[in-house]
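One-based numbering, in listed order, for ligands and for the atoms of each.
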Amino acid sequence: MTTHLRTSQRLLDGCTLFIGGEWKNGMETFQRFDPSSLSQCTGVYAMSTEEMVADAYKYAKTAQENWAAFTAQQRSEVLRKASDILEEHLETATRQLTADMGKAIRDARGEVLRSIAILRYYSGDALQPSGDVYPSADNSTFLLTVEEPLGVICAITPWNFPFAIPTWKIAPALVYGNSVVWKPAEAASGSAVLLAEVFEAAGLPSGVLNLITGSGSRLSKALTGNEALAAITFTGSGGVGNRIRQSVADRNIKIQLELGGKNPAIVLADADLEDASLQVLRGAMYSTGQRCTATSRVYVERAVSEDFTQKIIDKVNALIVGDPYIETTEVGPLGSPEQLKSVNQFLALAKSEGVTILANASAPDSDCFFPPMVITDVSAKSRLVTDEIFGPILVLQVVENFQEAVSHANNTEFGLSSSLFTRDLTTAMKFIKLTQSGVVHVNRETAGVEPHVPFGGLKGSSSLNREQGTAAREFFTTTKTVYIRST
Ligand code: UN1
C-alpha cells in the first residue's frame, strides 16, 4: 500500500505549519531557492509567529500526557511505520533534501537511508530494558529505578543534515514518551515538512509532533521561554547555542547543544598515504565541507609531506563538482547564498594573508557553487586555522613529528572529531588518549557517525552531554528511584 504525502502541494501553498495535528498557513510567508539553480523557487513556507509557537506548546503539553500512557510497543510501532513510509518515499525525500540545500544526490540518499536506520534503531530500543534493579540494605525492600519521559522537548535543527539530525533528535524524544516542538532551519524546511508528514502518516497522535517553520531569531524567545518546555536539543552555531544556554540558565531545563568543529587529521610517515589522502579528501570536501565533523586542518609529517600533498592535490583537482542531481557528482553547491557569502569571506581572507593555494577543483561559476581547495602557508593564528569555515577549504601544514601534530591539533576552542593516520598501534593508542575531541578516528575520515553510538564533542563543541545511542535514552528521560517494601 502506498502512503500519499502532500509535501509538494504544501510547499506551493505555504501550508507548512503542523500544529496540534493540523496543517496551517501563516499570515506571512518566506521562499527558498535551489542553491544549484537560484532562479528555481523550491518552496513557499509559512512564517510562524510567537503566538503559533505558544499554540504548539499548548497542544504538545496535552498530547504528551496521552502519548506517555501508550505502551512502549505502541510507540515503537509508530516509529517502525514511519521508517517504512520514509523508505517508500526514499527518492522523493532525497530530491527534496537536495532541493533544500544542494547536497549531492548520492549523499542525500545516504542521509535519508540513515534516517530510516535511526527510526528502526529507536523503534527497537523502545523494547530494551528500562531502569535497573539494585540490592537493598533491607531484605524486604525491592529497590529499582524507572525511566519517565521529560515532557515537551524543543528540537532546533540545522540545514546541513535536513533529515538525519532531526530524526536522531525527534525519534528518541518520541519513543521514550515525550512530545516535540520542532523548529528546523529555514533552508531545511521542505525536508522537515516531508518528515513531519511521515510521522503523521505513521499514526503519531495529534499534537505529539509540532512543526514550526520560520525564523529562529524571531522565534527564539517563544521557543525557549515557554513554561511547558522541559528540554532543548539544538545543533547549530556556537553563538546561537550560547544564547540558548543563557536564555534558560535560570530554569531547571535539560539542554543538549551540538556546536561547531575545526577538526584536524594527522598523517604520519608510516600511514598508507593513498588511503589517507582519500579519507582526508572525503572528510574535507564531501557535503561541500558543510559538516561540523568535516576535516578542516591536516597536519602531515615532513618525511611524507611531498607525497601526501601531491596525492591530495590530484584528488581535489579531480573532484566532480556540479549539478547535485546527477548521480556521479561528488560535490554540490554550498547550502545557500548566505553560506556562499560567508565562505567567500574566508577566501578573501586567505588571499589577503597571501596563503598558497595548492589545489583548486573546477566548479561552476554560478549560483552557490564554490571550488573545493587546499591551502598552505597559513599562520597558526589565522582565522582560517581557528574558525569553523563550513565550506570545502582544507588547511594543510607540515609538521616535524607526532607530538607537534597533536599540539597543533588540540590548539583550538573546538573538540568535536579528530583523525590519525598511522599503521602503528602504540601511536594510535597514545592519540586516543591525547586528542581533545569527543569523536576519535584512526585511519578514517573525521566525518560520519553511526546511529547507535553516542555522539558529541568536548570543549566548545557541545554542552558535553551526548546524543544518539544509549545517550539519547539518558537525555530524553528522567529517573525515579523506587523503594517498595512488603509488610
Ligand atoms: C556526520 O558526520 O555524518 O551538524 C554527522 C553536523 C554534525 C553531524 C555530523 N552535528 O555536521
Exercise. Phe199 and Trp67: aromatic ring centres closer than 6.0 Å?
Worked result: no
Problem set entry | Nitrogen or oxygen atoms of Cys292 and ligand 1 under 3.5 Å apart | yes
For this session: Answer yes or no: does an N/O atom from Gly448 fall short of 3.5 Å to an N/O atom of ligand 1?
Result: yes
Problem set entry | Proximal candidate to atom 8 (C) of ligand 1 [heavy atom criterion; set Trp168, Tyr286, Trp159] | Trp168
Enumerated ligand 1 atoms positioned under 4.0 Å from heavy atoms of [X]:
{"X": "Arg291", "answer": "11 (O)"}
{"X": "Asn160", "answer": "4 (O), 6 (C), 11 (O)"}
{"X": "Thr235", "answer": "4 (O), 10 (N)"}
{"X": "Ala447", "answer": "2 (O)"}

For this session: Measure from the side-chain N and O atoms of Thr16 to the backbone N and O of Ala46, and report whether any donor-acceptor pair falls under 3.5 Å.
Result: yes
Exercise. With a 4.0 Å cut-off on heavy atoms, does Ile165 reach ligand 1?
Worked result: yes
Exercise. Is the shortest distance from a heavy atom of Arg114 to ligand 1 less than 4.0 Å?
Worked result: yes
Problem set entry | Parallel, tilted or perpendicular, as decided by the 30° and 60° cut-offs, for the rings of His452 and Tyr121 | tilted
Exercise. Can you say whether the rings of Trp159 and Phe390 are parallel (under 30°), tilted (30 to 60°) or perpendicular (over 60°)?
Worked result: perpendicular
For this session: Measure the distance from atom 2 (O) of ligand 1 to every protein heavy atom, then report the residue, atom name and distance (to 0.1 Å) of the closest one.
Result: Thr293 OG1, 2.5 Å
For this session: State, with a plain yes or no, whether a side-chain heavy atom of Leu195 is found less than 4.5 Å away from one of Thr167.
Result: yes
Exercise. Are Cys292 and Glu388 side-chain neighbours, meaning at least one heavy-atom pair lies under 4.5 Å?
Worked result: yes
For this session: Would you kindly say whether Gln256 and Ser463 are connected by a side-chain donor-acceptor distance under 3.5 Å?
Result: no
